[in-house]
Structures are given as structure tokens and as C-alpha cells.
Asks: 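Right, I'll just put the structure down here and ask away after.
Only heavy atoms go into these numbers, but all of them, side chains included; no hydrogens, no water, no symmetry mates. Just so we're clear, the structure is a prediction, and the values are computed from it rather than from any experiment. First the proteins, then the strands, lettered A, B, ... as listed; each starts at 1.
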Amino acid sequence: MANDMQVGISTSADIVTARQRGRELASELGFSGSDLTVLATAISEVARNIIEHAKEGEVILEPTHNGSKQGILIIASDRGPGIPDVDRALQDGYSSGKGLGLGLPGAKRLMDEFKVVSEVGKGTTVTMKKWVR
Amino acid sequence: MRVPILKQHSYLIASIQSALTDDDLLQLRDDLVAQIGRFRSRGAIVDVTALDVMDSFAVRTLRGVAHMIRLRGAQTVIVGIQPEVAFSMVQLGLTLEEVATALDLEEGLAYLDDQPKSNGRHGE
């Protein structure tokens, strides 16, 4: 689709770019008000997760739909060390990085759908969706 | 982008103008903590009105700023958290804990004016 966007993530400025692009796309898709901020915040968390754990990766932003529901699909992927225990990484307070331990579990709370696929030594892919209300 | 820090009487006012990267936030922290001593300021206001996102890193950094400034014997107030940002912070589970907040710059200045002068400066 023409609206697809891919943002390479390797510096903290890229985190800002990713969340700004995400906000723009979400606005075009009909999200408004606090949902735009919620989405930008979730993108910020998963993008930072890439830098902290894998040094570099990418965030893909694209429109999605489910029947008549319009939404946004965000895929954050890296080829970093991977997460040995995904369930544990999704618990509040668990962190191996510099954050508050709220990165992934926090982003999960902000989104409607959230899935983490990770393989040790291969990398991590976070797929998340939010629907226009 | 470096955040400008204005000195007004015995206070410092850091007025964030645009989206900040993690590096910008760390620079702001270092600048504020240094200038509190240089200008012998009693308080610092961080105006986040222009921030459209306060994620876990921003909140952690601002909490650190407030804690460091308290260790330097002064007070910090965060002002201007937008309603959408407050909503996201609560959903994300982020709190500023014991850090003072105020609606806007005016309220922030009033808060600092209300603080006892000897606060945190034992032995003065």
C-alpha cells in the first residue's frame, strides 16, 4: 500500500522520527485525540526496545483493517540477541535495559493487539495493532 | 535540540520547545543540575507543554532530574503535562511519584514561592 512506511532505528533521533510518522499515519487513518498520543507512546517504547537490546532494527507502519474496522499495524523488528523468556519480559517491572521495566508490558497495555515473537540469537519482532474507535 | 534554560530571580525555567530525543533529555538533565549550583537557584521548573509524548524514558529521566536537584538542595516542578499525555502515562503505568507537578508555568512559580526558604538546606 502507498501508505506503508518503514523507519530504520539506530539512534535516539530515529525513535522520535518513528513516533512522529506513526502519529501522522494514524491521524490520516482517523485516529484522534488521546489515541494519537497513546500510539506515539507505544511506538516510542518498542523503538527504544530495539536500540537497548539490539542496537538497530526497523519499525514498519501501515494501515490495516478487520471487516469495517480501520486500524494501524506496527511491526518493530530486530536481529538482536532475542528474548529468552517472552512471557517474563511482558511482566511489569521486568527489565534488562535502562527503562522502568515498562517498555514492552506498557506498550501492550496501550494497544488493542500485541504479539511478541522472539528467538534467542535471531532477533525479536513485536507486532501490534490499534483500531479506530 | 538543546533546551533553553532561563534564569528568573532564584529559579531556573527549562522551556522545552519541541520533541526531544533521549540524548536531548540527558543533556537537559546535566545542564539543569549544573546550573542549579552555578546560579544558586532554589528551584527549577521544567515546562513540558510542547512535549507530545512522555514515554518511560522521559519519565525516568525527569524523575532523576528532580531527585538530583533535591540532592543539590533545591526543588523541581514539572509543568504543562497535556491531558492526552497524562492519559497515556496512566495507561502505560508511569508515575512521577514524589515529583511536584503544576498545571502551567504560573502555577509552578506559585508552588516554588510557597516553599520554605530553608527547605533542604539544613545548616544554612
Asks: To check you understand the geometry: which heavy-atom pair defines the closest contact between A:Val16 and B:Ala19, and what is its length?
Replies: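 Reported closest heavy-atom pair: CG1-CB, 3.9 Å.
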Asks: Is the number of heavy atoms from other residues, nucleotides or ligands under 6.0 Å of A:Lys130 NZ greater than 12?
Replies: yes
Asks: Hey, quick one: are A:Ile9 and A:Ile60 part of the same hydrophobic cluster, counting side-chain heavy atoms closer than 4.5 Å, chains of contacts allowed?
Replies: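 The answer is no; the residues belong to distinct hydrophobic clusters.
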Asks: Using non-hydrogen atoms and a limit below 4.5 Å, what part of residues 21-30 of chain B faces chain A?
Replies: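 Result: B:Thr21, B:Asp22, B:Asp23.
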Asks: Evaluate the criterion side chain to side chain contact (heavy atoms under 4.5 Å, CB included) for residue pair A:Thr37 and B:Gln82; output intermediate values, then yes/no.
Replies: CA-CA 10 Å; A:Thr37 304; B:Gln82 294 301 296; over 6 Å; no
Asks: Return yes if some donor-acceptor pair links the side-chain N/O of B:Glu84 with the main-chain N/O of A:Asp35 below 3.5 Å, else return no.
Replies: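 Side chain of B:Glu84 to backbone of A:Asp35: no pair is present.
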Asks: For A:Lys122, look at atom NZ and say whether over 12 heavy atoms of other residues, nucleotides or ligands are found less than 6.0 Å away.
Replies: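 No, NZ of A:Lys122 has 12 or fewer neighbouring heavy atoms, counting only those of other groups under 6.0 Å.
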Asks: Looking at every non-hydrogen atom in both residues, tell me the closest pair between A:Arg109 and B:Gln91 and how far apart they are.
Replies: NE-O, 3.0 Å
Asks: So which heavy atom on B:Ser88 is nearest to which on A:Leu110, and how close?
Replies: O-CD2, 3.9 Å
Asks: Within a reach of under 6.0 Å around CD of A:Gln70, are more than 12 heavy atoms found that belong to other residues, nucleotides or ligands?
Replies: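 Yes.
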Asks: If you count every heavy atom of other residues, nucleotides or ligands that lies below 6.0 Å from A:Lys115 atom NZ, does the total exceed 12?
Replies: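 Count not over threshold, so no.
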Asks: Would you name the heavy atoms of B:Leu20 and A:Arg19 that are closest together and state the gap between them?
Replies: O-NH2, 3.5 Å
Asks: Is there a chain of hydrophobic side chains (I, L, V, M, F, W, Y, each step under 4.5 Å between heavy atoms) that links B:Ile5 to B:Leu112?
Replies: no
Asks: Using non-hydrogen atoms only, which part of B:Met89 is less than 4.5 Å away from chain A: side chain, backbone, both, or neither?
Replies: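 B:Met89 has no heavy atom closer than 4.5 Å to chain A.
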Asks: As an exercise, state the distance from CZ of B:Phe57 to OG of A:Ser44, rounded to the nearest 0.5 Å.
Replies: 10.0 Å
Asks: Around atom CD of B:Glu106, are there more than 12 heavy atoms from other residues, nucleotides or ligands closer than 6.0 Å?
Replies: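 Counting neighbours around CD of B:Glu106, 12 or fewer heavy atoms of other residues, nucleotides or ligands fall under 6.0 Å, so no.
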Asks: Treat each ILVMFWY residue as a node, draw an edge where side-chain heavy atoms are under 4.5 Å apart, and state whether A:Val46 and A:Phe31 are in one component.
Replies: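 A:Val46 clusters together with A:Phe31.
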Asks: Give the member of A:Ile51, A:Val38, A:Leu36, A:Ile15 that has the highest number of heavy-atom pairs under 4.5 Å with chain B.
Replies: A:Val38
Asks: With hydrophobic residues grouped by side-chain heavy-atom distances under 4.5 Å, do B:Phe39 and B:Val33 end up in a single group?
Replies: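 Linked within one cluster.
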Asks: Are B:Tyr111 and B:Ile69 connected in a single hydrophobic cluster, I mean Ile/Leu/Val/Met/Phe/Trp/Tyr linked by side-chain heavy atoms less than 4.5 Å apart?
Replies: no
